[in-house]
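Side chains included, hydrogens not; waters and symmetry mates left out as well; all remaining heavy atoms used.
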Amino acid sequence: MDAEVRAVADAAVRLIAEVLAGARPAAQLSLVAAPPVCREMTRLRASRPGRGARIVPPKILSTRLQRPTPAAAEATAVVVVAGRVHALALRLDHSRGRWRCTALETTAHAP
């Protein structure tokens, strides 16, 4: 499997889990994700804990990556955010010389 797409998929999964946990703003996803994915993550983002509240880092339990075409990849992951297990499914497309997450589905729901 191509190391570049694996690195982008792993980074996207980690960033998405951190956004869901409230540890990172959704805007930081723009490094690896298309604007529609960033907007969806803004909607899903967990509410911020109160001052002094501890943010529990998310855990990535598993990831899988497949390449249905040379210019597309699909990643799945199982993550734990705030004690709850969620599934992630990402579509990554290669365009203009780089990989970007262009679609996201998750079992996480807006608070």
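- Listed by chain and number, the residues in a side chain to side chain contact (heavy atoms under 4.5 Å, CB included) with Ala11 are Arg14, Val32 (sequence neighbours excluded).
- Partners of Ala33 by side chain to side chain contact (heavy atoms under 4.5 Å, CB included), not counting sequence neighbours, listed by chain and number: Leu29, Val37, Cys38, Cys101.
- Residue Thr69 holds its OG1 atom at 11.0 Å from NE2 of His94, rounded to the nearest 0.5 Å.
- In this structure Gln28 satisfies the side-chain hydrogen bond (donor to acceptor under 3.5 Å, both in side chains) test together with Arg24, sequence neighbours excluded.
- Pairs passing the side chain to side chain donor-acceptor pair (under 3.5 Å) check and including a residue from residues 32-42, sequence neighbours excluded, read Glu40-Arg43.
- For the atom pair Asp10 CG and Leu15 CG, the distance stands at 11.0 Å (nearest 0.5 Å).
- Of all the heavy atoms in Val8 and Trp99, the pair that sits closest is CG1-O, 3.8 Å.
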Kindly list each side-chain donor-acceptor pair under 3.5 angstrom involving residues 71-91, sequence neighbours excluded, with atom names and distances?
residue : atom : partner : partner atom : Å
Glu74   : OE1  : Gln66   : NE2          : 2.9
Arg91   : NE   : Asp93   : OD1          : 3.1
Arg91   : NH2  : Asp93   : OD1          : 3.2

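- Side chains of Arg6 and Thr63 form a contact here, defined as non-hydrogen atoms less than 4.5 Å apart.
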